[in-house]
Amino acid sequence: MSRLRKLHVAVLMGGWANERSVSLMSGEGVAKALEGKGHRVTRIDMDRNVAAVVAAAAPDVVFNALHGVPGEDGTVQGMLDLMGVPYTHSGLATSVIAIDKELTKLLLVPRGIPMPGGRIVKSRDLYEGDPLPRPYVLKPVNEGSSVGVAIVTEESNYGNPIRPDAKGPWQEFQELLAEPYIRGRELTTAVVGGKALAVTELVPKSGFYDFDAKYTDGMTQHVCPAQIPVEIADLCKAYALKAHQALGCRGPSRTDFRWDDEQGQAGLFVLETNTQPGMTPLSLVPEQARYCGMDYADLVEEIIEEALAHEWPAKDGPGA
């Protein structure tokens with residue numbers, strides 16, 4: 001039985017970001033789950049007229065199933081705030097900070113959450129020489145889902161220095177974040193309802209956990225719960241919850257880690273906290289929720305419940 005009263009939910013998905021296809025899968029999964037619970041659903045594939053479409057739909061709440069810019073960077077959140085429409089997931093300020101990997105470091109590292117060092121580099125400067133000793137990682141400052149990530153090793157075919165004609169994120173982005181490469185294992189922890197759920201280890205069948213590995217069935221093995229020492233699992237959960245709270249996240253978040261298992265606790269590093277984690281059949285938050293005894297439809301309703309519990313400004317405020 002649904003714990004929620006019957007609602008009209010607009011599921012906002014699609015858009016024009018690199019992660020459009022993933023967002024459409026997330027949104028359709030959410031929409032079907034809500035309809036199965038008896039809610040009225042309006043599917044909105046976001047375009048430039050999204051404000052008018054949302055206003056015409058007049059939903060009780062928007063389920064934000066967007067990934068990437070502008071659905072994850074505060075732009076859509078600010079629009080919905082101005083419209084006085086309640087929505088799921090994190091708000092404007094949190095979204096602005098969390099999608100920017102450098103801003104996230106500035107907030108989390110002083111609070112005792114370890115993250116890799118590194119610096120912002122101009123893509124054109126990579127053609128003159130390496131910004132860090134190899135191996136290192138290059139990634140866009142404000143993209144998610146491992147979009148545009150490159151691992152530069154001594155043996156890489158990018159060139160030394162990197163060639164302008166070599167395929168990589170330097171061809172798409174003017175600035176990149178360069179970080180030391182951390183050997184070891186890929187871990188992730190979801191936070192839902194103010195609780196850290198579990199730790200999953202991601203084991204790509206080949207290469208590393210990039211966009212294709214995340215969203216192509218069979219390319220990555222999910223080990224949940226991760227077969228790691230209890231103290232490492234506890235530390236992942238503690239860091240994920242601390243990051244969630246420090247950033248001011250609402251609804252679900254997912255914090256990703258690299259763990260150098262030769263270094264024990266000192267080898268665990270937070271890579272980022274994702275405020276719009278996927279809700280596809282391969283996504284990690286639904287998987288961890290299921291491990292904790294919550295099915296997909298109940299998870300969707302839990303996210304909406306948390307959104308509606310937030311103190312939203314009255315719609316009849318100044319200028320209404």
Side-chain angles (χ1 to χ4, degrees), residues 18 97-189 201-214 219-220 226 228-229 232 235-236 239-240 243 254-274:
N18 287 322
I97 295 169
I99 199 169
D100 188 303
K101 297 174 178 68
E102 193 67 6
L103 287 178
T104 300
K105 286 184 185 184
L106 291 174
L107 182 70
L108 297 187
V109 171
R111 288 166 170 78
I113 298 175
M115 301 184 73
R119 60 190 181 90
I120 304 293
V121 297
K122 300 288 186 184
S123 291
R124 64 175 179 270
D125 292 342
L126 298 170
Y127 310 141
E128 304 299 323
D130 290 327
L132 299 173
R134 298 190 182 201
Y136 62 90
V137 179
L138 291 169
K139 59 181 75 170
V141 178
N142 56 2
E143 289 280 352
S145 286
S146 300
V147 170
V149 175
I151 299 175
V152 182
T153 65
E154 292 290 353
E155 301 81 22
S156 69
N157 58 3
Y158 299 133
N160 194 357
I162 292 171
R163 298 189 317 275
D165 62 339
K167 185 179 179 182
W170 43 86
Q171 293 182 332
E172 300 178 59
F173 304 95
Q174 293 183 349
E175 289 188 331
L176 295 166
L177 177 62
E179 294 179 339
Y181 174 74
I182 300 167
R183 68 157 301 279
R185 300 160 71 173
E186 195 96 20
L187 307 173
T188 192
T189 293
E201 181 173 7
L202 307 159
V203 186
K205 299 293 176 65
S206 63
F208 73 105
Y209 190 56
D210 60 7
F211 184 89
D212 290 336
K214 284 186 178 185
M219 283 190 67
T220 299
I228 56 177
I232 299 299
L235 201 54
C236 285
Y239 284 154
R254 195 195 70 239
T255 296
D256 299 334
F257 303 87
R258 288 286 287 185
W259 178 46
D260 183 342
D261 52 7
E262 294 180 358
Q263 303 296 321
Q265 294 186 24
L268 185 65
F269 293 88
V270 168
L271 298 180
E272 65 177 330
T273 294
N274 188 328

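This chain uses plain numbering: 1 for the first residue, then up along the sequence.
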Quick note, side chain to side chain donor-acceptor pair (under 3.5 Å) partners involving residues 102-124, not counting sequence neighbours, are Lys105-Glu179, Lys122-Glu175
Straight-line distance of [X] [atom1] to [Y] [atom2], nearest 0.5 Å:
X: Lys139; Y: Ile151; atom1: NZ; atom2: CD1; answer: 9.5 Å
X: Ile228; Y: Trp259; atom1: CD1; atom2: CH2; answer: 6.0 Å
X: Leu187; Y: Leu268; atom1: CG; atom2: CG; answer: 7.0 Å
X: Ile97; Y: Leu106; atom1: CD1; atom2: CG; answer: 9.5 Å
X: Asp256; Y: Leu202; atom1: CG; atom2: CG; answer: 7.5 Å

Are side-chain heavy atoms of [X] and [Y] found at a separation under 4.5 Å?
X: Asn160; Y: Val152; value: no
X: Val137; Y: Val149; value: yes
X: Arg134; Y: Ser156; value: yes
X: Tyr239; Y: Pro114; value: yes

Salt bridge (charged side-chain N to carboxylate O under 4.0 Å, His left out) filter on Asp125, not counting sequence neighbours, yields none
Verify, without hydrogens or angle tests, whether Glu154 (side chain) and Pro135 (backbone) share a donor-acceptor contact under 3.5 angstrom. no
Asp130 side chain vs Pro133 backbone, donor-acceptor pair below 3.5 Å | no
Arg185 bridged to Glu201 by N-O distance under 4.0 Å
yes
Kindly give the heavy-atom pair with the smallest separation between [X] and [Y], and that separation in Å.
X: Leu177; Y: Ile120; answer: CD1-CD1, 3.9 Å
X: Phe173; Y: Pro140; answer: CE1-CG, 3.5 Å
X: Leu271; Y: Pro116; answer: CD2-CG, 3.9 Å
X: Gly117; Y: Pro180; answer: O-CD, 3.1 Å
X: Asp260; Y: Arg183; answer: OD1-NH1, 2.5 Å
X: Tyr127; Y: Pro161; answer: O-CG, 3.3 Å

No-hydrogen, no-angle side-chain donor-acceptor test under 3.5 Å, [X] and [Y]:
X: Arg254; Y: Thr188; value: yes
X: Arg258; Y: Tyr181; value: yes
X: Thr189; Y: Thr255; value: no

Residue set satisfying ring pair (Phe, Tyr, Trp, His ring centres under 6.0 Å) with Tyr158, at least two apart, ordered chain then number -> Trp170
